[in-house]
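Take a look at the structure set out below.
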Amino acid sequence: MDLLRHLRHFVVVAQELHFGRAAELLGMAQPPLSQSIQRLERELTVELFDRSRRQVRLTTAGELLLGEAAELLAVEGRLRNLMGQVRAGELGILRAGVPPETPAVTLRLLLDALTDRAPDLDVELHELTSSEQVRMLTERNLDVGLVHHPVAADGLRFGASVDVPLGVLLPRTSPLARDREVTLAALAGLDLVAAPRATAPGWHDHLLAVCRRHGWRPARVRPARNPEFLFGLVLAGGAVAVEPATVARREPRIAWRPVADAPLAKRTSAAWPDRSAHPAAPMFGQLAAAVLAGAEPTPAPNTPPSVPAARPWPVLFDTTG
């Protein structure tokens with residue numbers, strides 16, 4: 001028996017005290033409405049309406065039930081609304097991962113966007129490498145993350161991707177900084193400063209393959225986990241890094257130059273488990289893509305060479321398979 005449905009019918013009849021008008025308000029015929037009330041009376045083993053006179057009246061049981069039914073239906077409405085918010089990803093706790101190098105302004109914009117869209121959602125943000133995120137996502141210890149492609153993992157779904165242009169970071173005193181752009185072949189003999197391979201194996205291998213294909217085999221690959229250490233290695237001489245222009249803006253002694261012969265872009269997207277995903281994961285992916293796309297400004301005319309060219313840039317791999 002659908003008790004709540006019969007109670008909804010009862011409340012309308014009790015308020016109207018007229019089966020015809022109640023049926024019209026409910027958008028149903030009068031006979032099924034009468035049957036619904038009779039079934040409710042049988043279920044509760046009481047008479048709810050006095051039908052002995054020409055005017056329908058509530059019995060004592062009906063009067064008592066009316067207050068209880070209204071309260072019960074209000075609770076049902078609140079529960080449905082609550083579960084609707086959960087399904088929409090607007091409630092609960094979302095465990096999200098972001099790469100350690102994510103700029104502070106990007107994090108703020110992302111958190112602001114999440115607060116605007118779902119103010120009651122509790123976002124637990126974790127600083128994790130792509131490799132750590134993939135592992136935690138597959139183990140269901142993370143709900144959603146921002147990963148750098150290519151990603152070799154089964155059981156994950158990916159949101160819209162954003163391609164961030166990359167260029168060469170080098171000291172402003174370097175002769176190479178005098179040019180508006182740099183070829184990878186011109187970096188021959190220099191070391192490459194990059195995040196350790198374990199942080200994002202797919203991206204690390206892809207970057208080295210592109211460098212070799214375009215005439216640069218780095219003498220060594222020097223691992224750097226944080227920007228300050230990366231800047232120190234680059235400024236010490238003998239090494240360069242391949243990063244977004246936003247990284248160079250943190251250190252005035254570092255110049256950023258686009259790559260002439262092999263434009264590079266780092267592809268980033270949200271990822272979450274393919275099955276039993278957190279309801280807020282797709283929303284996080286959508287907002288993250290919008291924030292990341294807006295984080296790379298469109299250059300104005302006569303832009304200095306330290307600012308990347310306008311997107312989109314060619315991407316030298318395809319994550320769609």
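Values in this document were obtained by computation on a predicted structure and should not be read as measured data.
- A distance-only check finds no donor-acceptor pair linking the side chain of R197 to the backbone of P223 [under 3.5 Å].
- Although no hydrogens or angles enter the test, the distance criterion places no donor-acceptor pair under 3.5 Å between the side chain of S161 and the main chain of R267.
- Within a 6.0 Å radius of CD in E139, more than 12 heavy atoms belonging to other residues, nucleotides or ligands are found.
- Here the side chains of V164 and L292 are not in contact, with every heavy-atom distance at 4.5 Å or above.
- A distance of 8.5 Å separates OG1 of T199 from CD of E132, quoted to the nearest 0.5 Å.
- Looking at Q133, its side chain does come within 3.5 Å of a backbone N or O of L146 through a donor-acceptor pair.
- Salt-bridge check for R80 with E76: passed, with a basic side-chain N closer than 4.0 Å to an acidic carboxylate O.
- Under the 3.5 Å distance criterion, the side-chain polar atoms of D179 are left unmatched by any main-chain donor or acceptor of V182.
- Panel note: side chain E16, backbone A22; no donor-acceptor pair is recorded below 3.5 Å.
- With sequence neighbours excluded, the residues satisfying side-chain hydrogen bond (donor to acceptor under 3.5 Å, both in side chains) with R253 are E251.
- Contact annotation: the side chain of P273 approaches that of L137 to within less than 4.5 Å [non-hydrogen atoms, C-beta and beyond].
- Under the 30°/60° scheme for interplanar angles, the aromatic rings of H9 and H6 are found to stand perpendicular.
- Distance check, rounded to the nearest 0.5 Å: OG1 of T102 to CD of E127 gives 8.0 Å.
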Report task. Report the C-alpha separation of W216 and V240 in whole Å, then their side-chain angles, then the decisive distance to 0.1 Å, and conclude whether the side-chain contact (heavy atoms from CB on, under 4.5 Å) test is met. Result -> CA-CA 12 Å; W216 177 34; V240 298; 3.6 Å; yes

Requested in this report: Check the pair L128, L142 against side-chain contact (heavy atoms from CB on, under 4.5 Å), reporting the backbone distance first and the verdict last.
Outcome: CA-CA 10 Å; L128 299 166; L142 195 69; 4.0 Å; yes

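- By the 4.5 Å heavy-atom criterion applied to side chains, V46 and T60 are not counted as neighbours.
- One finds the CG atom of L264 at 11.0 Å from the CG atom of D163 (value rounded to the nearest 0.5 Å).
- If you look at H149 and F158, their ring centroids are closer than 6.0 Å.
- You'll find the side chain of L207 reaches within 4.5 Å of the side chain of L192, heavy atoms only.
- Side chain of W256 to backbone of E243: a donor-acceptor contact under 3.5 angstrom is found.
- One hydrophobic cluster holds both L44 and L33 under the rule that ILVMFWY side chains link at heavy-atom gaps under 4.5 Å.
- The backbone N or O of P252 sits less than 3.5 Å from a side-chain atom of R172, completing a donor-acceptor pair.
- When each of L48, L58, L7, V13 is tested with L66 by the rule side-chain contact (heavy atoms from CB on, under 4.5 Å), just one qualifies, namely L58.
- V12 places none of its side-chain heavy atoms less than 4.5 Å from the side chain of R8.
- Distance check: L287 CG to T115 OG1 gives 10.5 Å after rounding to the nearest 0.5 Å.
- The number of heavy atoms from other shown groups lying within 6.0 Å of CD (E24) does not exceed 12.
- Under the 4.5 Å side-chain heavy-atom criterion for grouping Ile, Leu, Val, Met, Phe, Trp and Tyr, L64 is not connected to L3 through any hydrophobic cluster.
- Contact check for H278 versus W272: no side-chain heavy atoms found under the 4.5 Å cut-off.
- Side chains of R257 and L176 form no contact here, defined as non-hydrogen atoms less than 4.5 Å apart.
- By the neighbour-count criterion of 12 heavy atoms within 6.0 Å, atom CZ of R5 is densely surrounded, having more than that number from other residues, nucleotides or ligands.
- Aromatic ring pairs are classed by plane angle as parallel below 30°, tilted from 30° to 60° and perpendicular above 60°; the pair F49 and F19 is perpendicular.
- Checking side-chain atoms of D143 against main-chain N and O of R95 turns up a donor-acceptor pair under 3.5 Å.
- Checked by atom type and distance alone, the side chain of H126 never pairs as donor or acceptor with a backbone atom of G145 at under 3.5 Å.
- Looking at E101 and P227, their side chains never come closer than 4.5 Å, going by heavy atoms from C-beta outward.
- Both V56 and L25 belong to a common hydrophobic cluster when Ile, Leu, Val, Met, Phe, Trp and Tyr are linked at side-chain heavy-atom distances under 4.5 angstrom.
- Here CZ of R157 is found 10.5 Å from CZ of R275. Values are rounded to the nearest 0.5 Å.
- Here CD1 of I254 is found 4.0 Å from CG of L235. Values are rounded to the nearest 0.5 Å.
- T138 places a side-chain N or O within 3.5 Å of a backbone atom of R135 that can act as its donor or acceptor partner.
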